[in-house]
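Comments concern the structure below.
Just so we're on the same page: letters track the sequence lines, and every chain starts at 1.
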There are 2 protein chains.
Amino acid sequence: MTNIKKVSELAGVSTATVSRTLKSPEQVTEATRDKVMQAVKQAGYRPNWLASSVKSGKSNSIVVLVPNLTNPFFLRIIGGIEQAAQEKGYSVLLGDTQGDSKRENEYAGMVLSNRADGLIQLDHSFPFAPQDAELADNVPMVSVCERIEGERKYPVIELDNYAASRALAHHLVGYGHQKFAAIVGQISSQIYRERLAGIRSVLQEENLPLPDEMLVGGSYTIEAGIEGVRQLLKQPVRPTAIFCFNDDIAIGAIHEIKKYGLRVPQDISVVGFDNIKVSAFIDPPLTTVDQPAYDMGRRAFEVLSVLMRGESLTRIREILPFQLVERQSSGPVHSS
Amino acid sequence: MTNIKKVSELAGVSTATVSRTLKSPEQVTEATRDKVMQAVKQAGYRPNWLASSVKSGKSNSIVVLVPNLTNPFFLRIIGGIEQAAQEKGYSVLLGDTQGDSKRENEYAGMVLSNRADGLIQLDHSFPFAPQDAELADNVPMVSVCERIEGERKYPVIELDNYAASRALAHHLVGYGHQKFAAIVGQISSQIYRERLAGIRSVLQEENLPLPDEMLVGGSYTIEAGIEGVRQLLKQPVRPTAIFCFNDDIAIGAIHEIKKYGLRVPQDISVVGFDNIKVSAFIDPPLTTVDQPAYDMGRRAFEVLSVLMRGESLTRIREILPFQLVERQSSGPVHSS
DNA sequence: AGCTAGACTGTAATCGATTACATTTAAAAT
DNA sequence: ATTTTAAATGTAATCGATTACAGTCTAGCT
């Protein structure tokens with residue numbers, strides 16, 4: 001490995017001069033600068049990043065905790081984070097947690113051991129191990145979409161899930177639907193509560209029921225959508241509209257509804273949440289709520305960046321705008 | 001920041017003993033071990049990862065270069081890499097290159113500056129900057145799916161794209177198709193040439209044509225599939241079967257074909273490549289070639305891991321098995 | 001010519017951990 | 001009780017860069 005010492009010898013200067021030539025060239029005469037640069041080139045020298053980092057105490061990396069890498073929605077968020085990070089000279093360590101707390105602990109621990117300077121959590125859990133909780137108090141941490149559990153409040157970039165769900169509900173109520181069902185995602189999260197509350201609030205205002213047996217599901221997957229529809233269609237009353245808590249669920253649901261020989265939206269309207277790319281191209285194209293995933297990622301990094309500089313935030317909660325995207329998976333209710 | 005010195009003082013021992021207690025406890029008496037562990041706990045001490053890494057010269061990280069984070073197929077590969085890496089104590093630095101060579105250079109450079117120990121390339125380009133090419137000679141690098149360009153041969157984990165394409169072609173020929181078209185992906189890659197060659201070889205054996213005007217596309221996106229179909233349907237002769245070079249293209253193609261009022265597969269059969277998750281749930285479910293993406297990722301890391309240990313490989317090319325997945329997007333040709 | 005200010009450059013401390021080598025301690029052997 | 005041996009611990013060098021501080025040199029001034 002060529003190190004700074006070799007270069008300094010080659011150029012006939014001290015290591016300090018080499019370092020200065022590379023970090024702050026204006027402090028060095030042009031003559032020596034040339035000598036050094038030539039030696040650098042000749043030796044094929046690259047400063048050892050690890051060494052600079054020990055010295056500075058900063059790793060210029062952040063960890064991103066993802067519950068599920070295969071969810072395309074998260075991917076767009078990560079894309080935004082990555083882009084923003086890259087622009088500021090940070091790199092992104094990917095932590096696929098699979099929702100497993102052991103893994104979360106491990107990845108979160110990276111921030112405590114200087115392997116990373118900050119953390120972005122895409123899930124709702126407090127990622128540090130209980131014994132690390134105290135240390136974690138001063139750690140720059142931000143969450144996206146979900147709010148992190150616990151008394152300590154961390155900044156969050158999110159959507160007004162309540163309002164977005166209300167928008168979806170109004171959309172369906174406007175079409176005259178009265179028999180609703182929902183296939184929900186992970187139950188223990190804030191998002192679940194907010195989205196459900198949003199839907200419930202509209203239905204209550206309209207005096208429409210959402211009985212417990214019409215709430216099925218439990219994970220944000222295509223399979224949950226399929227299984228959800230199976231359960232719903234076993235019920236004596238068939239719903240005419242189904243809220244799916246994300247687009248993956250909706251894709252599974254539509255697929256399964258068709259298998260039963262029913263039509264979307266003529267027999268059952270289906271709406272999703274997230275607006276992943278493929279949602280516009282399935283049959284029928286999905287009515288859903290567009291989340292500005294990429295921007296959410298960017299913003300998350302920017303906020304984290306402020307925390308990492310040791311500054312404090314004026315706002316701890318940032319709410320990005322959603323958009324109701326009306327496509328053909330929802331429509332007026334048909335009397336059977 | 002609590003460092004090893006503070007802990008050593010707290011425990012009344014030397015820093016060496018603290019280090020040994022944590023790294024090789026068997027070298028330390030139980031009594032001192034207890035003292036040290038208590039001090040560690042009390043101080044909330046975590047070894048500074050950066051410092052250990054400078055010493056060892058290993059960062060225990062790898063960079064993964066992805067041309068396009070939004071492609072779900074890549075995601076599964078990354079998932080496999082991540083899993084395998086995590087098991088061996090490595091972490092994954094994500095490099096979203098967008099196919100931009102400047103970004104590739106930058107990310108690849110991380111390996112030269114000890115920020116990462118190895119590199120996995122999911123694209124086909126040689127990621128290092130020209131001036132770094134010589135240095136890059138000894139860098140542990142592996143590619144997945146695509147082969148890296150240049151004289152120097154790096155290990156690659158791939159599919160027999162030629163054989164897989166032949167399987168798809170045989171499948172369609174077996175249904176009696178005679179008028180073929182293809183919507184291809186990125187043209188400059190090995191994969192493009194192999195897949196096309198595979199298709200061509202079968203068609204030639206059967207004396208069937210694949211005229212140049214029936215080759216459209218140029219990128220692995222849904223949009224390319226849509227645009228491709230538009231171009232193909234402008235031609236005087238309408239194809240009865242379309243090879244799409246990946247599933248995203250196929251999804252776009254099917255969507256657009258339906259827009260023209262044509263049916264899949266009755267009017268046009270469509271086949272894809274990759275078998276991404278959603279392909280099984282679109283309408284009609286897509287006939288495609290399943291690539292063991294997750295395993296490919298795992299395997300890529302394992303191979304890289306061998307290189308990073310400085311050992312040499314017996315085989316430089318590893319070919320994983322594919323599987324033809326016959327679903328409902330392909331079927332017998334209907335005489336019009 | 002002599003002196004001073006300011007620009008360059010070099011020396012050596014530093015970051016935080018690891019580890020070769022030296023030293024101390026305790027146990028075992030005589 | 002003394003010597004031998006092994007185990008435990010400490011001291012200090014080391015990894016590779018950065019940087020405070022000190023030293024040198026040149027240019028400009030009187």
Residue pair A:Arg299, A:Val303: steps toward the side chain to side chain contact (heavy atoms under 4.5 Å, CB included) verdict: CA-CA 6 Å; A:Arg299 197 69 202 115; A:Val303 170; 4.3 Å; yes
Distance-only polar pair, side chains of B:Gln86 and B:Glu82, donor-acceptor under 3.5 Å: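 There is no such pair (donor and acceptor under 3.5 Å, judged by atom type) between the side chains of B:Gln86 and B:Glu82.
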Ring-face cation of B:Arg152 near B:Tyr154 (centre distance under 6.0 Å, axis angle within 45°):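 Yes, a cation-pi geometry holds between B:Arg152 and B:Tyr154.
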Rounded interatomic separation in angstrom, taking [atom1] from [X] and [atom2] from [N]:
X       : N      : atom1 : atom2 : value
B:Ile4  : C:dA17 : CD1   : P     : 5 Å
B:Lys5  : D:dT11 : NZ    : P     : 12 Å
B:Leu22 : C:dG16 : CG    : P     : 16 Å

Heavy-atom pair of closest approach, residues [X] and [Y]:
X        : Y        : value
A:Glu146 : A:Val156 : O-CG2, 3.5 Å
A:Pro67  : A:Leu122 : CD-CB, 3.9 Å
B:Gln186 : B:Asp123 : OE1-OD1, 3.9 Å
B:Leu50  : A:Ser53  : CD2-CB, 3.6 Å

More than 12 heavy atoms from other groups under 6.0 Å of CD on B:Gln98: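 Yes, enclosed.
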Selection: residues 36-53 of chain A, any non-hydrogen atom under 4.0 Å of DNA chain D: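 Going residue by residue through residues 36-53 of chain A, the ones with a heavy atom under 4.0 Å of DNA chain D turn out to be A:Tyr45, A:Arg46, A:Pro47, A:Asn48, A:Ala51, A:Ser52.
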Between the first and last five pairs of the helix from C:dA1-D:dT30 to C:dT30-D:dA1, the angle of the axes, rounded to 10 degrees: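 Taking the rotation axis at each end, their angle is 50°.
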Protein-nucleotides 4-8 of chain D N/O pairs closer than 3.5 Å?
{"residue": "D:dA8", "atom": "O3'", "partner": "B:Thr29", "partner atom": "OG1", "Å": "2.6"}

Selection: residues 106-115 of chain A, any non-hydrogen atom under 4.0 Å of DNA chain C: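 Hits under 4.0 Å, by residue number: none.
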Value rounded to 0.5 Å, distance of OG in A:Ser14 from CZ in A:Arg20: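 With rounding to 0.5 Å, OG (A:Ser14) is 6.0 Å from CZ (A:Arg20).
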4.5 Å side-chain heavy-atom contact, B:Val139 and B:Phe128: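 B:Val139 vs B:Phe128: side chains touch.
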Close side-chain approach of B:Val36 and B:Val28, heavy atoms under 4.5 Å: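 SC-SC contact between B:Val36 and B:Val28 ruled out.
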Passing candidate, side chain to side chain donor-acceptor pair (under 3.5 Å) with A:His124, options A:Glu149, A:Arg147, A:Gln190: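 Testing each of A:Glu149, A:Arg147, A:Gln190 against A:His124, the sole residue satisfying side chain to side chain donor-acceptor pair (under 3.5 Å) is A:Glu149.
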Of A:Ile4, A:Asn3, A:Leu10, the residue whose pairing with A:Lys6 passes side chain to side chain contact (heavy atoms under 4.5 Å, CB included):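 Result: among A:Ile4, A:Asn3, A:Leu10, A:Asn3 is the only option passing the side chain to side chain contact (heavy atoms under 4.5 Å, CB included) with A:Lys6.
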Close N/O contacts between protein and nucleotides 11-14 of chain C (under 3.5 Å):
{"residue": "C:dT14", "atom": "O2", "partner": "A:Lys55", "partner atom": "NZ", "Å": "3.4"}

Sugar-phosphate, base or nothing in reach of B:Val18, heavy atoms under 4.0 Å: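 It contacts nothing in the nucleic acid.
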Sequence neighbours excluded, every pair satisfying side chain to side chain donor-acceptor pair (under 3.5 Å) that has a member inside residues 131-145 of chain A: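 Listed once each, the pairs are A:Asp132-B:Arg46.
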Closest-nucleotide 5' rank along DNA chain D - winner of B:Val54 and B:Ala31: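 Nearer the 5' end of the strand: B:Ala31.
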Proximity of A:Tyr90 and A:Phe301 rings by center, below 6.0 Å: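 Yes; A:Phe301 has its ring centre under 6.0 Å from that of A:Tyr90.
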